[in-house]
Amino acid sequence: MRFKRVKGTRDILPGEALARRELEQMVYDKFSRAGFLPILTPTFEAYELYQRSTGQASDIVIKEMYRFADMGGRDLALRPEATPSVMRAVLENYLKIPIRLWYAMTMFRQDKPQKGRYREHTQIGAEIVGEAEPEADIELVKLGYDLFTEMGIKGMYLELNTIGCRECRPGYTEKLVEFLKEHQEGLCSDCKVRMKRNPLRVFDCKVKSCQAVLKNAPSQRVYLCQDCRNHFDQVKKGLEQFSIPFNENDRLVRGLDYYSRTVVEFKSTLLGAQDTLCGGGRYDYLAEELGGPSTPATGFAFGVERALLVSKGEEVFDFTKSPISLLLLPLGDEARGYSLQLLFKLREAGISVQVEFRPGRLSRKLKHADARNAERVLIVGEDEIAKARFILRDMKTGEQRQVTIEELLGIPELKEPPSLLTSGEDQIT
RNA sequence: GUGGGUGUGGCUCAAUUGGCAGAGCACUUGACUGUGGCUCAAGAUGUUGUGGGUUCAAGUCCCAUCACCCACCCCA
């Protein structure tokens, strides 16, 4: 029985895995320097956590969660996103706020897979918990912007909006619903449902007739309270001050229920209709929703697979070409055991080295060595062991000479870290 | 949930109006018993996604089904 991977999941082969490590290292450095601490939360949580935070009006909760019962009858779900877990962890562990946290964790959503979208995917995110100031939003956006710039994200642009707070949003949604009701006949069936559940989401609709109706919809701008207006103005001012280009888009809402005030999306023109690379915003009420004290917070998260897709494109390291710095070629049974000892000795000295144990004549072994991209080989035969002098052959030039183990340890090139990464044409997909 | 596309050796793809399932790459072995890359020779690899139907005959035509890819919705 040959098995296949489950729909929407992927095997991340060495080439891509290496690229991801490189990315994670970069992110780690950047976040650490900005005072963000790493956090890891469980892969599954109580279903209710997401229901209460991500929201009953979100598509994620309505139809995309992996929900299951464990043997104790607990109602659980694989995490579809991390923010609720992070906030839950902050509250549950009474972490001292303010605190800056970041994570790189897998997420699970049961939607239909396509390019750059998988049922299991990795998100890297950052959260500032306990700071209500617009500067926290600015800091975060700047952090993301620098990160994506450094990654070489192509066609990147940024959309920004505010969706008000609990003071001013109700007044606005009332007006919006009023308007939508008047123009109900022009709306698609989905929007009619959204109108009742989460009216702001109608702005997400791509149906042309709906967009036509929405063209004349009241703008939230007009209804913002003074505090929200100030907050938004300051965020915008900050971004301008630090030369971060953005489009102000009063149609940008977000798919999740917990957002308030600032919402932001990083997009790439390379991604087509599902162009969102990174999403985030402020969620000042989430802590209270989860039974904690009033705790303002703001954060963002991006999909690693998607980010890699728009930074490196289809190009990824070709791991089949990753070289072997030194390969030992034992000849004969006795030489195999000897080579293993030698292998460990050389490794302890910091040399990157492997052994070809498979049987065969020297010519066959050399052929294998070549196929494995060995840069040098060391021939370990009975004669060499007896004389304690081995033949070191440069596979590129074909030059070879006799060396003792002491001489081998003194060759500086062998101590250089292995260069596993060779750029190639291997496919991400 | 909706729409489109593709399924043939490990990989990339051929196969005429329906007529013996093929090539290139990769792989194995040998020429070469301790010196690779080049060359030459030989070899292995398939339920043509699956099930049914039409036919003397189906990779090819028809029906069904599955898988994967792409797009929509939504999201990262």
Side-chain angles (χ1 to χ4, degrees), chain A residues 2 4-10 54 57-65 79-83 104-125 144 148 153 188-191 193-194 198 201 204-208 210 253-256 265-268 271-280 299-310 320 327 329-332 335 356 358 360-384 390-400 426-427 429:
Chain A
R2 292 271 282 237
K4 297 179 76 177
R5 70 183 96 88
V6 169
K7 190 185 185 75
T9 62
R10 325 185 313 123
T54 307
S58 71
D59 283 36
I60 290 175
V61 170
I62 293 169
K63 55 185 190 192
E64 292 177 359
M65 272 212 276
R79 68 177 163 228
E81 53 142 353
T83 303
M105 300 193 288
T106 49
M107 307 297 157
F108 304 86
R109 289 180 202 174
Q110 206 167 163
D111 48 14
K112 210 158 184 174
Q114 59 186 279
K115 201 174 185 68
R117 190 176 70 190
Y118 309 97
R119 289 186 171 181
E120 178 182 17
H121 73 282
T122 307
Q123 280 186 24
I124 292 178
F148 298 136
I153 299 290
C188 68
S189 54
D190 280 349
C191 281
V193 176
R194 290 191 184 108
N198 188 348
R201 297 289 316 284
D204 269 346
C205 190
K206 304 273 194 312
V207 177
K208 273 186 187 144
C210 293
V253 290
R254 291 275 304 144
L256 317 180
E265 285 188 7
F266 289 80
K267 300 186 174 199
S268 168
L271 285 171
Q274 35 146 19
D275 54 2
T276 304
L277 175 75
C278 171
F300 72 79
F302 66 94
V304 170
E305 289 79 4
R306 217 173 264 185
L308 246 27
L309 197 64
V310 281
T320 63
L327 184 66
L329 302 184
L331 300 173
E356 176 61 79
R358 290 177 296 176
R361 298 201 300 263
L362 180 58
S363 71
R364 181 177 148 90
K365 285 182 193 263
L366 282 167
K367 199 175 275 190
H368 281 147
D370 193 51
R372 293 173 68 183
N373 303 305
E375 291 172 339
R376 305 168 196 83
V377 297
L378 190 74
I379 298 168
V380 183
E382 314 289 322
D383 297 351
E384 285 79 4
F390 305 88
I391 297 170
L392 178 67
R393 180 181 178 86
D394 185 310
M395 292 298 282
K396 250 213 177 89
T397 63
E399 284 167 26
Q400 55 186 46
D426 212 3
Q427 302 277 303
T429 51

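Below, chains carry the letters A, B, ... as their sequence lines are ordered, and counting in each starts from 1. Because the structure is a prediction, the values reported are computed rather than measured.
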**Student:** Could you tell me whether Gly125(A) contacts a base, only the sugar-phosphate backbone, or nothing, with contacts defined as non-hydrogen atoms closer than 4.0 Å?
**Tutor:**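 Nothing: the residue Gly125(A), judged by heavy atoms under 4.0 Å, touches no strand.
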
**Student:** Just compare rG34(B), rC73(B), rG36(B) and give me whichever is closest to any side-chain atom of Arg117(A).
**Tutor:**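 So the side chain of Arg117(A) is nearest to rC73(B).
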
**Student:** Considering only the P atoms, how many Å lie between rA58(B) and rU16(B), rounded to the nearest integer?
**Tutor:**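 Straight-line distance between the two P atoms is 15 Å.
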
**Student:** Can you tell me how far C1' in rU60(B) sits from the matching atom in rU8(B), rounded to whole Å?
**Tutor:**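 It comes out at 12 Å once rounded to the nearest Å.
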
**Student:** Quick check against the 3.5 Å criterion: does Arg119(A) have a side-chain atom that pairs as donor or acceptor with the backbone of Asp111(A)?
**Tutor:**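 Pair found, side chain donor or acceptor close to backbone of Asp111(A).
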
**Student:** Quick one: Leu366(A) CG to rC38(B) C1', roughly how many Å, whole number?
**Tutor:**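 Leu366(A) atom CG is separated from rC38(B) atom C1' by 15 Å.
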
**Student:** Could you state the CG-C1' distance from Leu378(A) to rG36(B), rounded to the nearest angstrom?
**Tutor:**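 Rounded to the whole Å, the gap is 16 Å.
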
**Student:** What distance, rounded to whole Å, do you find between the two P atoms, one in rG30(B) and one in rC70(B)?
**Tutor:**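 Rounded to whole Å, the distance is 43 Å.
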
**Student:** Nearest whole Å is fine: how far is rC66(B) C1' from Lys7(A) NZ?
**Tutor:**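 So the two atoms are 10 Å apart, to the nearest Å.
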
**Student:** For atom C1', what is the distance between rG49(B) and rG5(B), given to the nearest Å?
**Tutor:**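 Comparing C1' positions in rG49(B) and rG5(B) gives a spacing of 16 Å.
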
**Student:** Which part of the nucleic acid, if any, lies within contact of Arg5(A), taking any heavy atom under 4.0 Å across all strands shown: a base, the sugar-phosphate backbone alone, or nothing?
**Tutor:**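 No contact.
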
**Student:** Give me the distance, rounded to whole Å, that separates rC61(B) from rU54(B) when you measure between the C1' atoms they each carry.
**Tutor:**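 Comparing C1' positions in rC61(B) and rU54(B) gives a spacing of 8 Å.
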
**Student:** I'd like to know whether the aromatic ring centres of Phe148(A) and Phe266(A) sit less than 6.0 Å apart in this structure.
**Tutor:**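 Yes - the distance between ring centres of Phe148(A) and Phe266(A) falls below the 6.0 Å cut-off.
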
**Student:** What interatomic distance, in whole Å, is found between C1' of rC63(B) and the corresponding atom of rC20(B)?
**Tutor:**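 Those two atoms are separated by 28 Å.
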
**Student:** I need the CD-P distance between Gln114(A) and rG4(B), as an integer number of Å.
**Tutor:**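 Spelled out: CD on Gln114(A) to P on rG4(B) is 16 Å.
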
**Student:** With both distances under 3.5 Å as the test, what is the Watson-Crick or G-U wobble partner of rA42(B)?
**Tutor:**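 Base partner found: rU28(B).
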
**Student:** Let's test your reading of the model: under 3.5 Å, does the base of rG34(B) pair with the side chain of Glu384(A) as donor and acceptor?
**Tutor:**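 Answer yes: a donor N or O sits under 3.5 Å from an acceptor.
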
**Student:** Hey, does the side chain of Lys365(A) reach the backbone of Arg358(A) with a donor-acceptor pair shorter than 3.5 angstrom?
**Tutor:**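 The answer is yes, because a donor-acceptor pair under 3.5 Å joins these two groups.
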
**Student:** Between rG34(B) atom P and Asp383(A) atom CG, what is the distance in whole Å?
**Tutor:**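 From Asp383(A) CG to rG34(B) P: 11 Å.
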
**Student:** Can you say whether a donor on the side chain of Arg393(A) sits under 3.5 Å from an acceptor on the base of rU35(B), or the other way round?
**Tutor:**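 Per atom types, the contact qualifies.
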
**Student:** Taking atom P in both rC62(B) and rA67(B), what distance in whole Å separates the two?
**Tutor:**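 Pairwise P distance, rC62(B) against rA67(B), rounds to 22 Å.
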
**Student:** Without decimals, in angstroms, what is the distance between Arg361(A) CZ and rU35(B) P?
**Tutor:**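 It works out to 9 Å between those atoms.
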
**Student:** Report which part of the nucleic acid Met395(A) touches: base, sugar-phosphate, or nothing (heavy-atom distance under 4.0 Å, all strands).
**Tutor:**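 Since a base atom lies under 4.0 Å of Met395(A), the category is base.
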
**Student:** Flag the pair Arg372(A) / Val377(A) as yes when at least one side-chain heavy-atom distance between them is below 4.5 Å, and no otherwise.
**Tutor:**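 Of all side-chain heavy-atom pairs linking Val377(A) with Arg372(A), none is under 4.5 Å.
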
**Student:** Nearest to the side chain of Asp111(A), heavy atoms from C-beta on, is which of rG37(B), rA76(B), rC70(B)?
**Tutor:**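 Looking only at side-chain atoms, Asp111(A) lies closest to rA76(B).
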
**Student:** For rU8(B), what is the paired nucleotide under Watson-Crick or G-U wobble rules, both distances under 3.5 Å?
**Tutor:**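 Because no pair has both required distances under 3.5 Å, rU8(B) counts as unpaired.
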
**Student:** Lys112(A) NZ to rU2(B) C1': how many Å, rounded?
**Tutor:**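 Distance, rounded to whole Å: 7 Å.
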
**Student:** Please give, in whole Å, the distance from rU50(B) P to Lys4(A) NZ?
**Tutor:**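 Taking NZ of Lys4(A) and P of rU50(B), I get 12 Å after rounding.
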
**Student:** With rounding to whole Å, what would you report as the distance between rG10(B) and rG46(B) at their P atoms?
**Tutor:**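 Between the two P atoms, the distance is 7 Å.
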
**Student:** Which nucleotide wins on minimum distance to the side chain of Lys367(A), given the candidates rG36(B), rC68(B), rC32(B)?
**Tutor:**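 Within the option list, the nearest is rG36(B).
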
**Student:** Need one value for Lys267(A): base, sugar-phosphate or nothing, where a base atom within 4.0 Å counts as base even if backbone is also close, heavy atoms only.
**Tutor:**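 Lys267(A): no heavy atom of the nucleic acid under 4.0 Å.
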
**Student:** Picking from rA76(B), rU35(B), rC73(B), which would you name as closest to the side chain of Leu256(A)?
**Tutor:**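 For Leu256(A), the side-chain atoms sit closest to rA76(B).
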
**Student:** Is rC61(B) paired to anything, Watson-Crick or G-U wobble with both distances less than 3.5 Å, and if yes, which nucleotide?
**Tutor:**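 The answer is rG53(B), by the H-bond criterion.
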
**Student:** Is the aromatic ring of His368(A) within stacking range of rG36(B), meaning centres under 5.5 angstrom and planes under 30 degrees?
**Tutor:**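 One would not call His368(A) stacked on the rG36(B) base.
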
**Student:** Hey, which sits more toward the 5' end of RNA chain B by its nearest nucleotide, Glu64(A) or Thr9(A)?
**Tutor:**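 The answer here is Thr9(A).
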
**Student:** Are any of the side-chain heavy atoms of Lys267(A) and Leu277(A) separated by less than 4.5 Å?
**Tutor:**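 No, every pair of side-chain atoms sits at 4.5 Å or beyond.
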
**Student:** Please state whether the phosphate of rA76(B), meaning OP1 or OP2, lies under 4.0 angstrom from any side-chain nitrogen or oxygen of Arg254(A).
**Tutor:**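 Yes, Arg254(A) has a side-chain N/O under 4.0 Å of OP1/OP2 on rA76(B).
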
**Student:** Would you say Gln400(A) reaches rU35(B)'s phosphate, i.e. side-chain N/O to OP1/OP2 under 4.0 Å?
**Tutor:**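 Checking rU35(B) against Gln400(A), no side-chain N or O comes under 4.0 Å of OP1 or OP2.
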
**Student:** For the pair Arg117(A) (side chain) and Lys112(A) (backbone), establish whether a donor and an acceptor sit closer than 3.5 Å, ignoring hydrogens and angles.
**Tutor:**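 Yes; at least one donor-acceptor contact below 3.5 Å.
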
**Student:** So Ile124(A), base contact, sugar-phosphate only, or nothing? Heavy-atom distance under 4.0 Å.
**Tutor:**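 Ile124(A): no heavy atom of the nucleic acid under 4.0 Å.
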
**Student:** For rC74(B), give its Watson-Crick or G-U wobble partner with both distances under 3.5 Å, or none.
**Tutor:**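 Result: none.
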
**Student:** Calculate, to the nearest 0.5 Å, the distance between atoms CG and CZ belonging to Asp383(A) and Phe390(A) respectively.
**Tutor:**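 So the CG of Asp383(A) and the CZ of Phe390(A) are separated by 11.0 Å.
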
**Student:** Name the closest nucleotide to the Leu362(A) side chain, picking from rA67(B), rA76(B), rG34(B).
**Tutor:**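 Looking only at side-chain atoms, Leu362(A) lies closest to rG34(B).
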
**Student:** Identify which nucleotide among rA71(B), rC73(B), rG34(B) has an atom closest to any side-chain atom of Ile391(A), counting heavy atoms from C-beta outward.
**Tutor:**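 Closest of the options to the side chain of Ile391(A): rG34(B).
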
**Student:** Please test Thr106(A) against Arg79(A) for side-chain contact (heavy atoms from CB on, under 4.5 Å), starting from the C-alpha separation and ending with a verdict.
**Tutor:** CA-CA 8 Å; Thr106(A) 49; Arg79(A) 68 177 163 228; 3.5 Å; yes

